Asker: 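I have a structure I would like to understand better, so I am pasting it below and will then ask my questions one at a time.
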Protein chains: 2
Amino acid sequence: MLRRECWLDGASVAADCLYKVVNGAVRTFSVLRDGRRHIAEFYLAGDFFGLETNSTHALSAEAICNSTILVIKRSVLAVLADHDKDIAGRLRDMTNGELGRTQAHVTLLIKTSSERVAHFLLEMADRSPDTSEIELPMSRQDIGDHLGLTVETVSRTLSKFDDAAVIGRPSFRHVTLLDRAALERIQRCERKA
Amino acid sequence: MLRRECWLDGASVAADCLYKVVNGAVRTFSVLRDGRRHIAEFYLAGDFFGLETNSTHALSAEAICNSTILVIKRSVLAVLADHDKDIAGRLRDMTNGELGRTQAHVTLLIKTSSERVAHFLLEMADRSPDTSEIELPMSRQDIGDHLGLTVETVSRTLSKFDDAAVIGRPSFRHVTLLDRAALERIQRCERKA
DNA sequence: CGACGCCTTGATAAATGTCAAACGTCGTGG
DNA sequence: CCACGACGTTTGACATTTATCAAGGCGTCG
């Protein structure tokens, strides 16, 4: 179990283990030479991370609040998977899911700032216990680094949504979805083919 | 075997099969409601595609020149994988590789236009038989849709590289890397952590 | 030779980033 | 308990990047 601000170096530790967020929140990220940081994904309670075993583009991981993390040795998992088809299948499904989410994120990054923020809010809402009340564990900076936007743009976009009564902001880290349909209209994008 | 401009609907066909490019080139893509298109990946001779089995964000595929495609039924593959650990392992490695490439592409999309184009050229060069002579099977529009840029920006960036004697352009679809180090400097970005 | 498609280039506009300042919130220490 | 300071957030003015619109060039194929 790991506690707040524990840090996992992408190059050394991550590839060796699989992790499960028991409670709290984790971000996986990479830092560019010039200091820009990209947050690949946020993982909330119940999520698994560390699935990517590709060595060249390994990500690092950090807890963003007090968190409890379950660590699973890959070597142990491999043995289990060899004997249990169900475990192997679930591993495969998780990797496929991660691939799908990553591809969706790629699509997200070619959109406008409003579309990105709307998508992010809807996604967070869907992952929350209450689908219209969002407790954000991450800062605006984190959101920006995840969406490929600056803090200022994230903040301005949220203000715009607030002005349009699409969301409410009882506090910095707490967002209320007032008009989900509007958000979905803004985030509009994906089509069958 | 499929011929030029054959089209695979992401929703129906793709999830059922795995494909191998015997020769030619294929693009996987999704189209947004407003007409914007995003090309997820280009696949050249020897590459496999159709690994993503995630239903919600399924991609479509198209050949971009005369191509020969090998089609592998997933149901058959599953049976083979059950009996042959080697096949299962290779499937897993391919999926992991795809995940890594997709994550790298996400990182790419937060960079500037020059960095994106430089990265693209280096990647294509590495996948070419001759690592400094690139035959591009795709149009500028395709490159733009892959990098999240407009045709004009792609063209201007190439012209800039040309002016700086970083690349040569004997013809539209043929690029020569004159100064690989410069490209790598431009594309500079990823750091260990 | 001419038409068409693709590519390049230029002028302009829109979106987002940068820089700077003010505001709130929260934790700390007087 | 209140005052202060640090930090995260918001907002504004301005700069830069990239998209958009428009025109012209080049190459290919009928």
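Below, chains carry the letters A, B, ... as their sequence lines are ordered, and counting in each starts from 1. Small disclaimer: the values here were computed from a predicted structure and weren't measured.
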Asker: Check every strand shown and say whether B:R173 touches a base, only sugar-phosphate, or nothing at a heavy-atom separation below 4.0 Å.
Answerer: sugar-phosphate
Asker: DNA chain C: B:R140 or A:T112, which has the more 5' nearest nucleotide?
Answerer: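 Looking at the nearest nucleotide for each, B:R140 comes out on the 5' side.
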Asker: Name the first nucleotide and the last nucleotide along DNA chain D (5' to 3') that come under 4.0 Å of a heavy atom in chain A.
Answerer: D:dT9 to D:dA13
Asker: So that I can tick it off, tell me whether A:D34 and B:K111 are bridged by a salt bridge, with the cut-off set at under 4.0 angstrom between side-chain N and carboxylate O.
Answerer: no
Asker: Mind running side-chain contact (heavy atoms from CB on, under 4.5 Å) on A:S128 and A:D130 for me, showing each step along the way?
Answerer: CA-CA 5 Å; A:S128 295; A:D130 184 332; 5.5 Å; no
Asker: Side-chain contact test, heavy atoms from C-beta onward, threshold under 4.5 Å: evaluate it for A:L147 versus A:I39 and give yes or no.
Answerer: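 With C-beta onward as the side chain, the pair stays apart.
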Asker: Within the 4.0 Å heavy-atom criterion, would you say B:G144 contacts the bases, only the backbone, or no part of the nucleic acid?
Answerer: nothing
Asker: Checking contacts here: which listed nucleotide (C:dT8, C:dA11, C:dG17) is nearest the side-chain heavy atoms of B:R169?
Answerer: C:dT8
Asker: Let me know the distance between CD of A:E152 and C1' of C:dC23, rounded to the nearest Å.
Answerer: 15 Å
Asker: Between B:I143 (CD1) and C:dC6 (P), how many Å, whole number?
Answerer: 13 Å
Asker: Specify the separation, in whole Å, of atom CG of B:D163 and atom P of C:dT8.
Answerer: 12 Å
Asker: Are any of B:S159's side-chain N or O atoms less than 4.0 Å away from OP1 or OP2 of C:dT8?
Answerer: no
Asker: Counting any heavy atom closer than 4.0 Å, what does B:S113 reach on the DNA or RNA strands: base, sugar-phosphate only, or nothing?
Answerer: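 Touches sugar-phosphate only.
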Asker: Would you mind reporting whether B:F161 and B:S114 have side-chain heavy atoms less than 4.5 Å apart?
Answerer: yes
Asker: When you compare the side chain of B:T157 with that of B:S155, does any pair of heavy atoms fall below 4.5 Å?
Answerer: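 Contact flag for B:S155/B:T157 side chains = no.
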Asker: Quick one: label B:S171 by what it contacts on the DNA or RNA (base, sugar-phosphate, nothing), any heavy atom closer than 4.0 Å.
Answerer: nothing
Asker: Hey, which of these two, B:Q141 or B:R156, hits DNA chain C nearer its 5' end, going by closest nucleotide?
Answerer: B:Q141
Asker: Separation of A:R36 atom CZ from C:dT18 atom C1', in whole Å?
Answerer: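 Atom CZ in A:R36 sits about 14 Å away from atom C1' in C:dT18.
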Asker: At 4.0 Å (heavy atoms only), tell me whether B:L149 reaches a base, stays on the sugar-phosphate, or touches nothing.
Answerer: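 If one applies the 4.0 Å heavy-atom cut-off, B:L149 turns out to touch the sugar-phosphate alone, with no base involved.
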Asker: Report which part of the nucleic acid B:T150 touches: base, sugar-phosphate, or nothing (heavy-atom distance under 4.0 Å, all strands).
Answerer: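 Base, at least one base heavy atom under 4.0 Å.
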Asker: With salt bridge (Lys or Arg N to Asp or Glu O under 4.0 Å) as the criterion, how do A:K20 and A:D47 come out once you've worked through the C-alpha distance, each side chain's angles and the decisive distance to 0.1 Å?
Answerer: CA-CA 6 Å; A:K20 179 177 184 174; A:D47 295 338; over 6 Å; no
Asker: Taking side chain as C-beta onward, heavy atoms only, is A:Q187 less than 4.5 Å from A:L121?
Answerer: no
Asker: Rounding to an integer number of Å, can you tell me how far A:D145 CG sits from C:dT16 P?
Answerer: 17 Å
